[in-house]
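Report on one structure; see the data block that follows.
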There are 2 protein chains.
Amino acid sequence: MMMHFDLAQTAPAAPAPVPCQDASFCQRCDVRARAICGTLEEDDRAALNRLGRRVTVQAGQTVMWEGDDATIVANVIEGTLKLSASTGDGREQIVGVVYPSDFIGRPFGRSTPHSVTALTDARLCLFTRGAFDGFARTHPELGHRLLQRTLDDLDRARAWMLLLGRKNAREKIATFLLDMSQRLAGEGAGPLDSFALPLSRQQVADVLGLTIETVSRQMTDMKRAKIIDLPNRRTVEILDRDQLSCLAEVA
Amino acid sequence: MMMHFDLAQTAPAAPAPVPCQDASFCQRCDVRARAICGTLEEDDRAALNRLGRRVTVQAGQTVMWEGDDATIVANVIEGTLKLSASTGDGREQIVGVVYPSDFIGRPFGRSTPHSVTALTDARLCLFTRGAFDGFARTHPELGHRLLQRTLDDLDRARAWMLLLGRKNAREKIATFLLDMSQRLAGEGAGPLDSFALPLSRQQVADVLGLTIETVSRQMTDMKRAKIIDLPNRRTVEILDRDQLSCLAEVA
DNA sequence: CGGTGAGTTGAAAGCAATCAAATGGCGTGG
DNA sequence: CCACGCCATTTGATTGCTTTCAACTCACCG
């Protein structure tokens, strides 16, 4: 049975707060339009801004721990983070990957059901739970945006359950690469044919419920078949998207 | 590669509407307290009631099809239903099981991401999407309840991803039985030590990402080990909950 | 120029899937 | 009431995919 402990994750976690709360922050925010705060009225947005703090986290830092009291929530401004759950004996499953404009944390609940760890250096717009929950309760518009986002996350999680439960290694890798190429492109854009993976091989394995060796073998097989190219460890080029889609065995 | 088609699912789907819309319906509703409509003011609740229809569906009937336009949503009043996704070649994964007071359907979206099929005869409180979405937008309290429920569903889905990706057959079965014993008991109650499975062996396999043979073997193994008893095909008795919890390898 | 850690490759083992056949519960019709 | 047939489930034998264990390559860095 696989057992691994990623040392980077066990590094001290406390993110460094950056106490710049001037009102122009949101104006300059790259992700505001897509984030849950995007549709707030100007003065509501300013009020929310006063509740939040910008923080930066380094790759490998864990922002929230599985099972801990849920004391903070945040918007992702920049960077990529993983949500992960694990068994008592150390097997890990990544249950979500979040990108800029995504929301993290568990509002309206007691404890955080999974850990949140930065995969790359990241910037967050952080709120304490109490402040955020209170604001959300009095601003239905925010709650509605959060609901929409949560419904989307749920759809994505359930689609991933099909992958985890019923797809074989080759189909998992193909689906994963297509998903990455789409999600790294961002909302409106078309899928990328070349991109840098924010994940190590081990993390790809943890997303797909595989081992690192199987991920490596499948990827080199696809490289040999000229479906993808792997110029270096972190970059992927999709050479034959049609065939990749075919392998992904879409529903 | 497994491939099966459950004929019962392909039966004609249209649920029979029961046009009893008198105001006393909600008063007598078994699940109102736990459902999303539970905290509405009396007149709001009456207004919502006027938008909904009671329908009954038979075991095996599919209420919504994966990929269809999302035109309805509903509260489950009685019975058990499955949410399922499948690959192009017929492999199926059950991505959720819903019980009385749960909400089904995809509000605020274009298409239904997974099929919804009754496992037992069931009664639903059904709304058209347009009517429900409009009502929800003007009643933040309802939206908030729905958000809480969706957040819970998302947590559950992600916990299941750990099971699908990282647990072996024995652990999957043990986790599943414990989960069932808890969820069939309902909100406040303690877990049941004896219960009737609303799922066939094939459906258990589809929940766990296994084959029917593996489910059968693991369950008879546990029976031989006196951890559970299986007096007949559909009933399960938990004889040694501690050992079952141990096998489940809880996180 | 060795050291380190991520990633790749190879060989073998193991677990669940697949293929195949037997069992048993249940409703129907004689 | 019993025999029959159907279908879900169980059980057995075998296969094969993924894991496991192990060795090796490679890039990067002091």
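All values derive from a computational prediction rather than experimental measurement. Below, read A as the first sequence line, B as the second, and so on, with proteins coming before strands; counting in each chain starts at 1.
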Point to revise | Residues in side-chain contact (heavy atoms from CB on, under 4.5 Å) contact with A:Q182, at least two apart in sequence or another chain | key: A:P191
Study note, to complete from the structure: Sequence neighbours excluded, the answer for side-chain contact (heavy atoms from CB on, under 4.5 Å) partners of A:A205 is A:Q202, A:V215, B:R166
Point to revise | All ring pair (Phe, Tyr, Trp, His ring centres under 6.0 Å) counterparts of A:F103, not counting sequence neighbours | key: A:F132
Check your understanding: With nearest nucleotides of DNA chain D determined for A:R170 and A:E213 from heavy-atom distances, which residue corresponds to the more 5′ nucleotide?
Key -> A:R170
Practice item. Specify the residues of residues 216-227 of chain B, ordered by number, for which at least one heavy atom lies under 4.0 angstrom from an atom of DNA chain C. Key: B:R217
Practice item. Output yes when A:K82 and A:D206 qualify as a salt bridge under the 4.0 Å nitrogen-oxygen rule, no when they do not. Key: no
Review point. Given D:dT19, is OP1 or OP2 found less than 4.0 Å from the side-chain N or O atoms of A:T214?
Key: yes
Review point. Quick one: do the B:D69 and B:T71 side chains pair a donor with an acceptor below 3.5 Å?
Key: no
Starting at [atom1] of [X] and ending at [atom2] of [N], how long is that distance when rounded to a whole Å?
{"X": "B:N168", "N": "C:dA17", "atom1": "CG", "atom2": "P", "answer": "11 Å"}
{"X": "A:K167", "N": "C:dA17", "atom1": "NZ", "atom2": "P", "answer": "17 Å"}
{"X": "A:L230", "N": "C:dT9", "atom1": "CG", "atom2": "P", "answer": "10 Å"}
{"X": "A:R201", "N": "C:dA6", "atom1": "CZ", "atom2": "P", "answer": "13 Å"}
{"X": "B:L119", "N": "D:dA8", "atom1": "CG", "atom2": "P", "answer": "15 Å"}
{"X": "A:I212", "N": "D:dT20", "atom1": "CD1", "atom2": "P", "answer": "13 Å"}
{"X": "B:L210", "N": "C:dC15", "atom1": "CG", "atom2": "C1'", "answer": "11 Å"}
{"X": "A:R234", "N": "C:dG7", "atom1": "CZ", "atom2": "P", "answer": "6 Å"}

Practice item. Look at the side chain of B:Q202 and the base of D:dC7, then say whether one donor and one acceptor between them are separated by less than 3.5 Å. Key: no
Practice item. Report which part of the nucleic acid A:R233 touches: base, sugar-phosphate, or nothing (heavy-atom distance under 4.0 Å, all strands). Key: base
Under 3.5 Å donor-acceptor pairs involving side-chain atoms of residues 119-127 of chain B, not counting sequence neighbours:
from	atom 1	to	atom 2	distance (Å)
B:T120	OG1	B:T80	N	3.0
B:D121	OD1	B:A59	N	2.8
B:R123	NE	B:E78	OE1	2.8
B:R123	NH2	B:E78	OE1	3.3

Practice item. Could you pull out all residues at least two apart from B:D152 that satisfy side chain to side chain donor-acceptor pair (under 3.5 Å)? Key: A:R106
